[in-house]
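Side chains are part of it too, since the values below use all heavy atoms of this structure and drop only hydrogens, waters and symmetry mates. For clarity, every value in this text was computed on a predicted model and none was experimentally measured.
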Amino acid sequence: MRRLILLAIIASLVLAGGTWAKVDLTTLPDRESVQLTIYNSADLTLVREARPLTLKQGPNKLQFSWENTLIDPTSLEMLPQAHADAIDIAALVYPPRVRNLGLWTIQSGRAGKVPVEITYFTSGLTWRAFYMGTLTSDEKTMRLQGYVRVTNNSGEDYENAQVRLIVGKVHILDQIAELARRQYPYGSPAEPREMAAPRPSRGREELEQLRDSYAFARTAMPAADPKPKEVVKEGLSEYFLYTIEGTETIPTGWSKRLPSFDVSDIPVVNLYKHDEQRFGQAVVRYLSFKNDEAHKLGQTPIPGGVLKVYRDLDPQHHLAYVGQSGFKYIPVDEDVELNLGGVSDVIVEPKLMDEATENYRFDSKGNISGWDEVRTWRIKLRNTRDLPIKVEIYRHFRTPYWTLDNRGLEGTYEKEDLDSVKYTCTLEPRSKTQFEYVLRTYHGVRQQDARLR
């Protein structure tokens, strides 16, 4: 614990003339456990703290400070975890002219230790996912390792905290950090209209629903475990909850990498694409797989992040960097196609070999009203890699009126849309090939002839 201070059970408290009288303080034990539920779509974390309070029978006062933190004081809540019928947490007030301080009034029907849970929302805690993919030497399968990096800029140290991560969007109208920085949680006491507790906004109502449903569910705080941590994943309506086994200490100002999953032998497809309209002259490498059981995944969505891909070169597991790609949230059963960037070991060279015009049509005045353009293209391909590859070559014609005659290529093209086609070629290791096609495009009244074909 760094900055968040549960200062004391106050034996006597006198408030006169806006000043604090001398009070007797009893030091409180540290947290017994703490749980962090961190959202990635908003600057929002739900914190649950378990603390034992020593109460005397009758009225008790508990002072709570959130100075130098990003805690939302309007979200503070305390609930007894035992002897609830004898404990009445009557009120939480914010004394005037005292900054970053709240005062709980607790009426206790018994004396002794009572476990309580204190919950609140804070900001400054964030997480992001990143991944490492390692292709086997034949590049047919991949090991996929997922991690999350949790960063704590909340102003508060969280020691031995259970970490839970939420994937999904939450709608909030109040910014937690702004609420935390207010001098008075509900506005200045000098303004009568601010004295009453404000009506919850739609955002606040949603936060309360989240607190009351899954994020505030009473789950055991597991002890640290020397074994590799397990990540428990649960679907919760439009959200998904990742609970990382054990506990972590995350001081303020620090980031910590936590494991998410590790799956081996995922079948993948390597594909090269040449598309001058999208990539210019470059050949771009793609890596594809599917988030389903056939690919040894599919149990949960995959949070968006960045995947860095390497290739395992030899039995000593030396690695070669292949490329990286960012991707968005991947639902279960969704196909994944990752752009790993341009390559230099696969070459595609289109070249215009010949062009001509013919089949002229004339109107009644002798003006040209239609014609054909005929272009002959040669496409050369080279694979300098030590593995077989598949290449997709996209050709665009800038008109929907065309015909195509292939020469020297097994198979035919696939029509992608009205004005483009795709050729698919397979090349053996360290090999080359070429093919030609003759493109005829129709212009003017010749377009009508093309429609009749």
Parallel, tilted or perpendicular, as decided by the 30° and 60° cut-offs, for the rings of Y131 and F261: tilted
R382 CZ: over 12 foreign heavy atoms closer than 6.0 Å: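 Result for CZ/R382: open.
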Going from [atom1] on [X] to [atom2] on [Y], what distance comes out if it is rounded to the nearest 0.5 angstrom?
| X | Y | atom1 | atom2 | value |
| --- | --- | --- | --- | --- |
| D419 | R395 | CG | CZ | 12.5 Å |
| E156 | E159 | CD | CD | 8.5 Å |
| T384 | I347 | OG1 | CD1 | 5.0 Å |

cation_pi(K273, Y394) dist<6.0 Å, angle<=45: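 Cation-pi check for K273 and Y394: fails.
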Short side-chain donor-acceptor distance under 3.5 Å, N406 and Y423: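 There is such a pair between these side chains.
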Audit row: N100, W66, side chain to side chain donor-acceptor pair (under 3.5 Å) steps and yes/no: CA-CA 6 Å; N100 301 317; W66 55 89; 3.3 Å; yes
Residue that, paired with N270, satisfies side-chain contact (heavy atoms from CB on, under 4.5 Å) out of L387, L340, L287: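 It is L287, the one option of L387, L340, L287 that forms the side-chain contact (heavy atoms from CB on, under 4.5 Å) with N270.
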Trace of the side chain to side chain donor-acceptor pair (under 3.5 Å) decision for E248 with Y158: CA-CA 8 Å; E248 302 288 343; Y158 289 102; over 6 Å; no
Residues which pass side chain to side chain contact (heavy atoms under 4.5 Å, CB included) with P115, listed by chain and number, not counting sequence neighbours: Q81, A82
Candidate pair F435 and T433, rule side chain to side chain contact (heavy atoms under 4.5 Å, CB included), full reasoning: CA-CA 7 Å; F435 66 92; T433 188; 5.9 Å; no
Residues V336, H295; criterion side chain to side chain contact (heavy atoms under 4.5 Å, CB included); working and verdict: CA-CA 11 Å; V336 186; H295 290 77; over 6 Å; no
Verdict with reasoning, H443 to Y401, per side chain to side chain contact (heavy atoms under 4.5 Å, CB included): CA-CA 8 Å; H443 304 270; Y401 305 103; over 6 Å; no
